[in-house]
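Everything on this sheet refers to the single structure shown next.
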2 protein chains.
Amino acid sequence: MSEKAGKYRDIAPGLSNRLFFRLYQCANMLHKTGTRALDAHRITTQQWAVLGALTRPPFANGVAVGDLAAFLLVSRQNLTGVLTRLEAMDYIERTVDAKDNRSRLIRITAKGRDLWDEDMRPVISDYYDAALRGFSTEDRIHMTHYLDKMLRNFKDLDPETCSEKKAVE
Amino acid sequence: MSEKAGKYRDIAPGLSNRLFFRLYQCANMLHKTGTRALDAHRITTQQWAVLGALTRPPFANGVAVGDLAAFLLVSRQNLTGVLTRLEAMDYIERTVDAKDNRSRLIRITAKGRDLWDEDMRPVISDYYDAALRGFSTEDRIHMTHYLDKMLRNFKDLDPETCSEKKAVE
DNA sequence: ACAATAATGTCAATATATTGACATGAAATA
DNA sequence: TATTTCATGTCAATATATTGACATTATTGT
C-alpha cells in the first residue's frame, strides 16, 4: 500500500458509489416530482426544459434543433418527438431557416410564452423553494459549482459533446 | 420590498434555476455516458442500478419488487420491464416468496454476480474516477450531503415516497 | 368463517431517451 | 462544374419511466 493511496483507500470507493447512487435517485425524483408539479398543465420536465430554453434571449429568434439538443445535452432524435408534441399543443412553432433549407428554427409561440409566464413560472418558483428547502444561498452556489464541475467531466467522457464543448455554453 | 427578502432577492431565482438546469443536464449525461461505458456488456444505467442493489448484503436472500422500487426510487411498474430483460439474460431470477404468494423475490444469479464482479466493477471504478476528476474526498463528501439533503426534500414532495420514508433506507 | 379492504406484481398507454439509418441540402474539393 | 463529403432533421427499433387498470393473494373487521 503506497502512502499516496493511503488515507482514503478504503473509504473512497464506497463514497463515490454513494454519491452516484444519490445522483441517480435525485434524477429519478427530479422527473417524477417535476412532472407531477406541472401535471395540471400537461407539461413534463423535458417539455419544461425545452420551453425554458426557448424563453432565453439568445434563442428569441429561434434555434436549430441541433443547437437546442447541444444546449440541453440530449440527442437530436430525442427532441423530434418532444417538439412534435409541443407543436401539436401550439406552444412552439417550426419554421424553415431562410439561410439553410435543411435547418428548422424552433421558436416559442405567444401561447407558449403565456403558458410559461402565467402558469409555469409560479409553479416552478414554488417547486424550487420546496426542493431547495434548507439550502442557503451559499449552499446553492456550492452545489451548482459541483454540478458544473461534474458536467465538464461528463462532457470530456462523451465523444460527441466534447468536441463542440465551446459551441453552445 | 421587505427587508427579509432583501439581499438575495434578485440573485436567488436565477441561481436556483441554474442549479436545477445543471442537475437536469447531469442526469442526462449520467445515463448517456454511464450506459455507453457499459455498452460492451449490453448493460444500461438502470440495469446497473438494479444489479448494484442486488449485490448489497441486505438483499442477498432476495428482495420484493416493491422494496426494490422503493430503494431505487422508481415505480414498481417500471421495474417489471427491466427485471424481465435482466431475467432473460440470466443475470437475475424471480422466485415466489414462500411467505407470500403474491410477492416475487428478486435475486442476482451466479452469472449476474460474475458479470458484476469481473466485468462491471472495474468499468464502474474507472467511470467514477473520470466523472469525479478534480473532486477531493471532501468535495465528494460535501456533494453527497447536498444530494442527500435534496433527496429528502424530493421525498417530502412525493406523496408516495414520503410515507414510507423510513421503510427502506 | 367471511366479506370488505389493502397489498403485490403485471399489463397497457403515453412520453422520454438512446443509437442506427436515411433523405435532403450545403460545403468542400477536384 | 461535378463529385465527394458533411450537416440537418426525421423515422425506426429498443429501453426506460410514468400513471391507470387489473387479477391474485393477504389481511382486517364483523
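Each chain gets a letter, A, B and so on, in the order the sequences are listed, and its residues count up from 1. In what follows, every heavy atom counts, from backbone to side chain, and hydrogens, waters and symmetry copies are set aside.
- Within a 6.0 Å radius of CZ in B:R94, other residues, nucleotides and ligands contribute more than 12 heavy atoms.
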Checklist entry - Yes or no on side chain to side chain donor-acceptor pair (under 3.5 Å) for A:S16 and B:R140, after CA distance, side-chain angles and deciding distance? => result CA-CA 7 Å; A:S16 302; B:R140 295 173 200 216; 3.0 Å; yes
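- In terms of hydrophobic clustering, with Ile, Leu, Val, Met, Phe, Trp and Tyr side chains grouped at heavy-atom distances under 4.5 Å, B:L105 and B:L54 are assigned to different clusters.
- Per the geometry, CZ belonging to A:R104 stands 16 Å off P belonging to C:dA23, to the nearest Å.
- In summary, the aromatic rings of B:F21 and A:F71 are positioned with their centroids under 6.0 Å apart.
- Across all strands, A:T44 comes closer than 4.0 Å only to sugar-phosphate atoms, never to a base (heavy-atom distances).
- The nearest heavy atom of DNA chain C to A:Q46 and to A:Q77 marks one nucleotide each, and the one closer to the 5' end goes with A:Q46.
- The span of DNA chain D lying next to chain A, judged by atoms under 4.0 Å from heavy atoms, is bounded 5' to 3' by D:dA7 to D:dT19.
- The shortest non-hydrogen separation linking B:R22 to A:L151 is CD-CD2, 3.8 Å.
- For the pair B:G81 and A:R102, both in contact range of DNA chain D, the more 5′-proximal nearest nucleotide belongs to A:R102.
- To the nearest 0.5 Å, atoms CD1 (B:I92) and CG (B:L51) are separated by 8.0 Å.
- Near DNA chain C, defined here as any heavy-atom distance below 4.0 Å, the residues from residues 26-38 of chain B are B:K32, B:R36, listed numerically.
- Nucleic acid contact for B:T80: base, since at least one base atom lies under 4.0 Å from a heavy atom of the residue.
- Residue A:Q47 is in sugar-phosphate contact alone, with no base atom involved, counting any heavy-atom pair closer than 4.0 Å across all strands shown.
- The heavy-atom pair separating A:P122 from A:D117 by the smallest distance is CD-O, 3.8 Å.
- In this structure, A:Y146 and B:Y146 have tilted ring planes: the angle between them lies in the 30° to 60° band.
- Looking at B:D158 and A:R36, their side chains come closer than 4.5 Å, going by heavy atoms from C-beta outward.
- With rounding to the nearest 0.5 Å, the separation of CG in A:N78 from CG in A:L72 is 9.0 Å.
- The stretch residues 82-101 of chain A touches DNA chain C through A:V82, A:R85, A:D100, A:N101, each having a heavy atom within less than 4.0 Å of the strand.
- Less than 6.0 angstrom separates the ring centroid of B:Y127 from the ring centroid of B:W48.
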